[in-house]
Engineer: 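Submitted below is the structure of interest, expressed as structure tokens.
Scope of the values below: all heavy atoms of this structure, side chains included, with no hydrogens, waters or symmetry mates. Numbered from 1 within each chain, the chains take letters A, B, ... in sequence-line order. It should be emphasised that the depicted structure is a prediction, and the values quoted were computed from it without experimental measurement.
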Amino acid sequence: MSILRHTLLWTAALLAGAAGGAADIKIGLAEALTGGAAQYGVPIRNGFQLAADEINAKGGIQGSKILLVIEDEQGKKEEVINVFKKLIFQDKVLMIFGPTLSNSMFAAGPVANAAKVVAFGTSNTANGITDIGPYIFRNSVMESDVLPVTVATAVKHYKIKKVAVIYGNDDAFTKSGYDVFKKVLADQKIPVTATETYVKGDVDFKAQLTKIKATDPDAIVCSALAEEAANIMLQARSLGIKAPFIGGNGFNSPKLFEISKQAGDGTFVGSPWSNTNPDPANVHFVGAYKQKFGSEPNQFAAQAYDALHIAAAALKSIKLTGRLEADRQALRDALPKVSINGATGPFKFRPAAPKDGKPGGYDADQKPFIYILQQGKFNLYTGK
Amino acid sequence: MFTQQLLNALTLGSVYALFALGFTLVFGVLAVINLSHGAVFMVGSYAALTLVTRLHLPLGIALPAAMALSGCLGMAIDVLILKPLRARNAPHLIPMIATIGVAIMLSSAAQGIFGAEILRFPEGTIPAGEFTLGEVHVRALELSIVGISFGLMAVLFLAIRRTQLGRALRAIAESPRSASLLGINVEGLFHATSFVAAALGGVAGVLIGLNFNAITPLMGQPILHKGIAVIILGGMGDIRGALLAGLFLGFAEVMSKAYLSSQMGDAVAFGLLFLILLVRPSGLFGRVLERKA
Amino acid sequence: MEWLANFWATYSTLVYSVGVFALMALSIWLTLACGLLSLANAAFMCIGAYVSALLSLHAGWPFGATLAAAGAAPALVALVIGMPTLRLSGVYLAMATLAFGEVVRIVVLNLEVTGGPEGLNGIPQSTTGWHILAILAVVVYGLLRLQRSRVGRAFEAIREDEVAASLMGINVARHKLFAFVLGAVIAGLAGGLNAHYTFFISPREYGFENAVDILTMVVLGGIGGLAGPMLGAAIITLLPELLRSLHEFRGIVNGLILVLVVLFLPKGIWDPRRLRALFGLGPGRDPGC
């Protein structure tokens, strides 16, 4: 009995040694893999897995393999704090990617910041995320960097005089997009004929669109996720609305025209990523993703993929000592200097402005591309 | 614009009514608030989708098949879970909690099998016709949803009013014990009711999945909340009430979005429910229930 | 010792959550003890959380004062809506309180001061384990005393038979309102505590699912005594964490456990009579009810 137990223990120890040797670089990944936010969390995890496999296949980082410790945070506040603590104190990861939702980062970010561990969001676009503290990073581009360019381009192209607005008002992502749109429209002095809202899970937008139609806008500004946006477009067309759409970050998914077909033609979208961007880094990413997962990547997957390459670049620039606290700090200090050319194009960080005298984290410093939807495809807008 | 909003309200209202139909039937006969009804609705949608995409069946076959499948699921829930609870005369909250467990299981299973992404029917599944009448745009699909909803409700209503089976059901709704003393096979009718209710839920799932082009593991949740509001307004267990209340809620929601503020659409719906309950404690169209819940 | 420190660093939030949800479960248990099925407690928790967070963030109140406000604000609301609603019975009361909960959630979602769907962030982390433990102890002690007092016996009489209770001279409406308001105070305190250890609150934490979750805790644990709801709260809070290694299957197992408990443990997990029977300490059979 006791011999058997010993053998088992030894085998277990050996297996553990083989699977997660001391030389591995442990990186935590906290994403919503079940529940309502899983539709973003799952592609994000895929993007990370693809990048990790590629980096490890090329020999890892200075001979060490990247080991992703993946945890499901379900998009729930308490869960995400528990997961962050588990990754930081139990799994002793070097840094954490995630969580999926901006709201979750507001809950879990302070935990990582207090423990002096980098929390790196790839899908958090809300304002104020990086105000949490100097250990908070993100490569997701804020709407306030993208939308002014999108609106100005569309206004010039269509000679827009007045617009109507529709947005999801119970979702932090679409609501913060709307807040930016509102400010941009006021700054650019474009009158709004009607402001309509819907809530998550709504699939019928006709009441709002009928109202919008009556105000006869030149364009419809829409802060919505791709699926909702596509249904809004389809229902708008079936109500006989001809005005083009101007979309936020949520539009940037192949889902948009998979569903809306040609209903979205003429839509203007600004985004750091598009699957048709001909840059070799992006072409490689899109091909590899399709091969590995059998589906089209989206923006969330692309930003996740780039994020791991950003971390890898930082890791290559430092020497890991094996002392956890020192290594975590070294990684934190190396990250802001990274600049890469990834699936989302050239990328570097920009320090967030200090708030109330406290130092902030780092936001993405990327130029958005402006796309126009034509025949159910995103085409880079070149200005006639 | 008003005529268009009327049509919008009619579509939304019949969707609510169709969903609430099975929901209210189970409550009327089994006296259980079946919170797995939303999950059954979701299963119906996925079943039809799988039949269309994997077996390449036309919708005309996939729809009844999905209806039968969700019916069987409903009956299985009744036989495996609700029946033992009835047998030991559990207080009315207990079966409700059990159905919450079922709903969690079903939606997790759906996510495990189909993933969390939004799925949709392939192009060409849906009859694509649409036409314009003056100011009003109408899609053939919407008309068929209104038609199917009203058709099913009429059939159910007549079945319960006019047939022997319906009389037995009404006897059970009054008192299961006296019904069984009268020689009615109460357990058998409970199973049958669960089958019919779940089948109706499944159809609603397919139709709504088609109309709004989005099938997700959690699609049953928002409509479940509306369904609860509808059966309360309609008077619990009252089929005609569910129809009226479904339409009423659809109108209240669309009109408050159209003429008040779209932000408050849901608040208006639930605020109205709250107020109506204060004025009429058994719902807008409900009789006063003497039997203690 | 280092192991313990590490364990606490990892799981302290989880332990806090168990305490807070034990309070929530007790708040619903209290209304159930008086025969009221109310689903408004998630909304009272929401009001408590927002009031205390706003006072901490904008008015700079000390933590103790914000907690007092977290208990008082929902109590006021409960007093106002309780008077007309509590005459509804059974399922209708449940639905009216559910509708009230939805209205609260939607209003919070659309107000400027509550931050809308983005919620409130940067709430100071003032709650410690001691706060939760102390409040839980006071609530448990108070409820135990209440159970054995005249009021507690009146609750029981109302739960068993409302008409008979009123014939015996018990003021049914007033007792119901008392249970409802006291439940709101406990839920509001739980909300205030919760807001001050999670940094962040948003309307989606206080919806229908959460109301049902809390009710589930009570039914699962057993409504026979105070231990049941607290045990139920601990199980529902810990279960997803314990099942973490199951990944995608954890929802299925979670749901299955719920169904099995309901099927095979009729009075909830904490059933003193069954436990006594199990250890051979007394009559195991339920005497004729």
Side-chain angles (χ1 to χ4, degrees), chain A residues 33-38 42 70-92 101-111 113-115 126-129 131-133 167-179 197 199-200 355-356 358, chain C residues 2-3 5-18 20-21 49 102 105-106 108-112 115-125 194-195 197-207 209-210 213 237-238 240-252 254:
Chain A
L33 302 176
T34 58
V42 172
I70 302 170
E71 291 292 349
D72 177 14
E73 44 93 347
Q74 296 186 308
K76 288 187 192 156
K77 175 177 87 168
E78 266 99 2
E79 282 286 315
V80 73
I81 295 179
N82 291 339
V83 163
F84 260 55
K85 288 187 161 181
K86 178 183 174 289
L87 290 171
I88 294 171
F89 299 112
Q90 289 243 299
D91 299 322
K92 304 197 186 307
L101 302 174
S102 293
N103 281 354
S104 303
M105 183 60 115
F106 282 125
V111 174
N113 197 61
N127 281 325
I129 288 278
D131 291 343
I132 294 169
Y167 71 99
N169 76 331
D170 68 335
D171 179 275
F173 179 72
T174 53
K175 169 68 168 34
S176 70
Y178 162 72
D179 289 339
T197 64
V199 296
K200 207 180 273 170
K355 201 189 173 195
D356 309 331
K358 284 184 291 187
Chain C
E2 198 208 318
W3 175 86
N6 199 3
F7 177 85
W8 185 246
T10 312
Y11 293 110
S12 58
T13 313
L14 200 59
V15 176
Y16 290 2
S17 300
V18 171
V20 162
F21 284 102
E102 281 295 288
R105 190 181 62 84
I106 294 163
V108 168
L109 200 55
N110 285 295
L111 282 181
E112 205 62 42
E118 285 136 283
L120 294 173
N121 64 67
I123 303 166
Q125 200 182 21
N194 177 266
Y197 70 83
T198 55
F199 309 97
F200 170 77
I201 51 175
S202 78
R204 26 176 284 165
E205 296 152 36
Y206 310 103
E209 275 77 26
N210 309 77
D213 265 358
T237 313
L238 296 178
E241 225 36 56
L242 296 175
L243 298 178
R244 183 166 281 290
S245 54
L246 294 173
H247 299 292
E248 284 89 5
F249 299 104
R250 103 172 130 151
I252 302 178
N254 212 341

Engineer: Where do C/Glu118 and A/Asn103 come nearest, in terms of heavy atoms and distance?
Structural biologist: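 Minimum heavy-atom contact is O-OD1, 3.6 Å.
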
Engineer: Taking all non-hydrogen atoms of both residues into account, name the closest pair between C/Leu109 and A/Asn169 and its distance.
Structural biologist: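 Shortest heavy-atom separation between C/Leu109 and A/Asn169 comes out as CG-O, 3.9 Å.
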
Engineer: Can you check whether C/Ser12 reaches A/Lys85 side chain to side chain, under 4.5 Å on heavy atoms?
Structural biologist: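 Sidechains of A/Lys85 and C/Ser12: in contact.
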
Engineer: Just so I know, are the side chains of C/Glu205 and A/Lys76 near enough to count as touching, which here means a heavy-atom distance under 4.5 Å?
Structural biologist: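 No, too far: nothing below the 4.5 Å cut-off.
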
Engineer: Which region of A/Lys86, side chain (C-beta onward) or backbone (N, CA, C, O), has a non-hydrogen atom less than 4.5 Å from a non-hydrogen atom of chain C, or is it both or neither?
Structural biologist: both

Engineer: In Å, rounded to the nearest 0.5 Å, how long is the span from CG of C/Asn121 to CD1 of A/Ile129?
Structural biologist: 7.5 Å

Engineer: Heavy-atom distances under 4.5 Å only: say whether A/Leu101 touches chain C with side chain, backbone, both or neither.
Structural biologist: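 Only the side chain of A/Leu101 comes within 4.5 Å of chain C.
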
Engineer: Taking side chain as everything from C-beta outward and backbone as N, CA, C, O, which of these in A/Ser102 sits under 4.5 Å from a heavy atom of chain C? Side chain, backbone, both or neither.
Structural biologist: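 No part of A/Ser102 comes within 4.5 Å of chain C.
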
Engineer: Using heavy-atom distances under 4.5 Å, tell me whether C/Ser17 contacts chain A through its side chain, its backbone, both, or neither.
Structural biologist: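 Contact with chain A: side chain only.
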
Engineer: Listed by chain and number, what are the side-chain contact (heavy atoms from CB on, under 4.5 Å) partners of C/Phe199, not counting sequence neighbours?
Structural biologist: A/Pro110, A/Val111, C/Gln125

Engineer: With a 4.5 angstrom heavy-atom cut-off, is it the side chain or the backbone of A/Asp131 that approaches chain C, or both, or neither?
Structural biologist: neither

Engineer: Mind checking whether A/Lys77 and C/Thr13 have side chains closer than 4.5 Å, heavy atoms only?
Structural biologist: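 No, every pair of side-chain atoms sits at 4.5 Å or beyond.
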
Engineer: Is chain C contacted by the side chain of A/Ala126, its backbone, both, or neither, given a heavy-atom distance below 4.5 Å?
Structural biologist: neither

Engineer: So do the side chains of C/Asn194 and A/Glu78 get within less than 4.5 Å of each other, counting heavy atoms only?
Structural biologist: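 They are in side-chain contact.
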
Engineer: Check A/Phe89 against C/Asn6 and note the closest heavy-atom contact, atom names and distance.
Structural biologist: O-OD1, 3.0 Å

Engineer: Quick check on C/Ile201 against chain A: is it the side chain, the backbone, both or neither that has a heavy atom closer than 4.5 Å?
Structural biologist: both

